[in-house]
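Numbering of ligands and ligand atoms starts at 1, following listing order. Sequential numbering from 1 along the given sequence is applied to the chain's residues.
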Amino acid sequence: MRFEIVTLFPELFDVLRTGLLGKAQDAGAIDVHAITPREFTTDRHRTVDDSPYGGGSGMVLMPGPFAATLDHLDEARAGNPTHRVLLTPQGTRFSQAHAQRFSDLECLTLLCGRYEGFDERIRGLVDEEVSLGDFVLLGGEAAALALIEATARLLPGVLGNEESAADESHAESLLEYPQYTRPEEFRGQKVPEVLRSGNHAAIARWRRKESLRRTLERRPDLLEEADLSKEDRVLLKEINDEA
Ligand code: JD8
């Protein structure tokens, strides 16, 4: 899968050479191409922003350099299609469902802004608008990096361990159970006995119960959405009766 990023700071995407996504790039499973609209300006100062019509503080990104960048990318792709996403606080909240949908694409083009944001006519150049969440960033780049990571980890050949992505997807509606490794005792806290019992059925039951407990305590909204089995309801009743 190819990720194209239109950004004033293409060097920020060098971080994707780190770790598993670096390996995925080396292996050709993903291809990351960050490009700056400054390259497609025509004036001496390489201007990409200007003051807002109607007055007010700050600068607004001009549509021309963004449109020229997208045209260039279309030509470089030789007619192969892409899906264009604008990162903005005004977009729909990014979720795992977006990551799943994007991971089916051959090519995804992400538009990142800075300053006070985009000239309204840039919105007409994209297929959808996405927000990372209800907090204020300085620009779209950190949101794009998170979106790329969430999407790329779903691709075949990216995770290394082929089981992990599928394994987690059926559990994605619940929070994860507590995990332990060595040592057996740390600062007076012991690893739960059941995990050292070798009883795999008991371990699976304990893990499911602790997932349910943690989700109930921290993210009851997720529990509403989860489709729970009869056994899950038994475990939830046990949790309730403990209190
Ligand atoms: C793009 C400029 C800066 C500063 C308005 C738009 C996403 N979840 C998210 N939070 N913030 C962004 C985001 C912020 C951006 C731009 C995305 C382009 N800014 C802000 C305050 C005034 N501009 C985001 N996705």
Discussion item. Could you check whether E238 pairs with R213 (Lys NZ or Arg NE/NH1/NH2 to Asp/Glu carboxylate O, under 4.0 Å)?
Written reply: no
Practice prompt. Flag the pair R208 and E231 as a salt bridge only when some basic side-chain nitrogen lies within less than 4.0 angstrom of an acidic carboxylate oxygen.
Written response: no
Discussion item. Between T47 and D49 (side chain of the first, backbone of the second, donor and acceptor by atom type, cut-off under 3.5 Å), is there such a pair?
Written reply: no
Contact table ligand 1 N or O to protein N or O, d under 3.5 Å:
unit_1, atom_1, unit_2, atom_2, d
ligand 1, 8 (N), S131, OG, 3.4
ligand 1, 8 (N), L132, N, 3.4
ligand 1, 8 (N), G133, N, 3.3
ligand 1, 8 (N), G133, O, 2.9
ligand 1, 10 (N), F135, O, 2.6
ligand 1, 10 (N), L137, N, 3.4
ligand 1, 11 (N), L137, N, 3.1
ligand 1, 25 (N), T88, N, 3.4

Worksheet item: Just wondering, more than 12 heavy atoms not from R38 lying within 6.0 Å of its CZ?
Response: yes
Item to complete: Examine distances only and state if a side-chain atom of D74 and a backbone atom of D71 form a donor-acceptor pair shorter than 3.5 Å.
Response: no
Worksheet item: side-chain contact (heavy atoms from CB on, under 4.5 Å) with S211: which residues, sequence neighbours excluded?
Response: L174, Y177
